[in-house]
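Note sheet for the following structure.
Just so you know, these numbers use all the heavy atoms, side chains as well, and skip hydrogens, waters and symmetry mates. In what follows, every chain begins at residue 1, and chains take the letters A, B, ... in the order their sequences are listed.
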Amino acid sequence: MRYWLMKSEPSVYSIDDLAKEKTAAWQGVRNYQARNLMRDGMRLGDRAFFYHSNCEEPGIVGIVEVRRLAYPDETQFNRNSEYFDPASTRRNPRWLNVDVGFMRKTRLVSLDELRRHKALAGMQVLKRGNRLSVTPVTAVEWQFVMKLLRRGTARPPGEDGPP
DNA sequence: GCCAACGTTGGC
DNA sequence: GCCAACGTTGGC
């Protein structure tokens, strides 16, 4: 199983929206690198952190799974969609999306908290100038964040508390 | 193929 | 709303 981090602006599509919908097409990705990661990297059952971006409290807010492999993003064909791409055709679609399924909400693991842990310093989402809406997460990074979640509340690195 | 101009992302 | 950091576009 592979691990990912997927960004969404909560004002556009939030973890609560997905919690209601259960499964959703991850539409609107208009970046070739992110598209290629979905197309070539994602497998059924892969897990991803749902990340709220461009908002008051950016950070991880939930966990989702890949429920359908990449297929053409319908919004690119829709003239009325903000994601419409006149250069894309049904025969030769340019943009793809996977379907993701809701697993659970998590407490907010804020961008600030992520940055405080050395173990996560390599996470792509933390790198300067990063703009990719889909990024790979290593198994080690995934497990580390899962441990933070199990621990419950935010705590500075190096401070061992009760289990 | 270069690269300046432009558009977008996203934290702050 | 600002602006740094990118990605894309298009003239040459």
**Item:** ring pair (Phe, Tyr, Trp, His ring centres under 6.0 Å) evaluation trace for A/Trp4 with A/Tyr51
**Value:** CA-CA 10 Å; A/Trp4 308 92; A/Tyr51 179 99; over 10 Å; no
**Prompt:** Would a distance-only check, ignoring hydrogens and angles, find a side-chain to backbone donor-acceptor pair under 3.5 Å from A/His52 to A/Leu108?
**Reply:**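 Not confirmed, A/His52 side chain does not pair with A/Leu108 backbone.
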[X] side chain, from C-beta outward: closest of [options]:
X	options	value
A/Leu111	B/dC12, C/dA5, C/dG7	B/dC12
A/Asn54	C/dT8, C/dA5, B/dG10	B/dG10
A/Lys7	C/dG7, B/dG10, C/dT8	B/dG10

Rounded distance (Å) that lies between atom [atom2] of [N] and atom [atom1] of [X]:
X	N	atom1	atom2	answer
A/Asp112	B/dG10	CG	C1'	16 Å
A/Leu132	B/dG10	CG	P	9 Å
A/Glu9	B/dG11	CD	P	9 Å
A/Trp95	C/dT8	CH2	C1'	10 Å
A/Arg115	B/dC12	CZ	C1'	11 Å
A/Arg128	B/dG10	CZ	P	16 Å
A/Asn130	C/dA4	CG	P	18 Å
A/Arg30	B/dT8	CZ	C1'	14 Å

**Request:** Indicate whether OP1 or OP2 belonging to B/dG11 is found under 4.0 Å from a side-chain N or O atom of A/Tyr51.
**Result:**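 So the side-chain polar atoms of A/Tyr51 do come within 4.0 Å of the phosphate oxygens OP1 or OP2 of B/dG11, strictly under.
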**Asked** Where does the angle between the aromatic ring planes of A/Trp142 and A/Tyr3 fall among parallel (under 30°), tilted (30 to 60°) and perpendicular (over 60°)?
**Response**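 A/Trp142 vs A/Tyr3 ring planes: parallel.
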**Message:** Whether A/Arg68 engages the ring of A/Tyr71 as a cation-pi pair (distance to the six-membered ring centre under 6.0 angstrom, angle to the ring normal within 45°) should be assessed.
**Reply:**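 Verdict for A/Tyr71: a cation-pi partner in A/Arg68.
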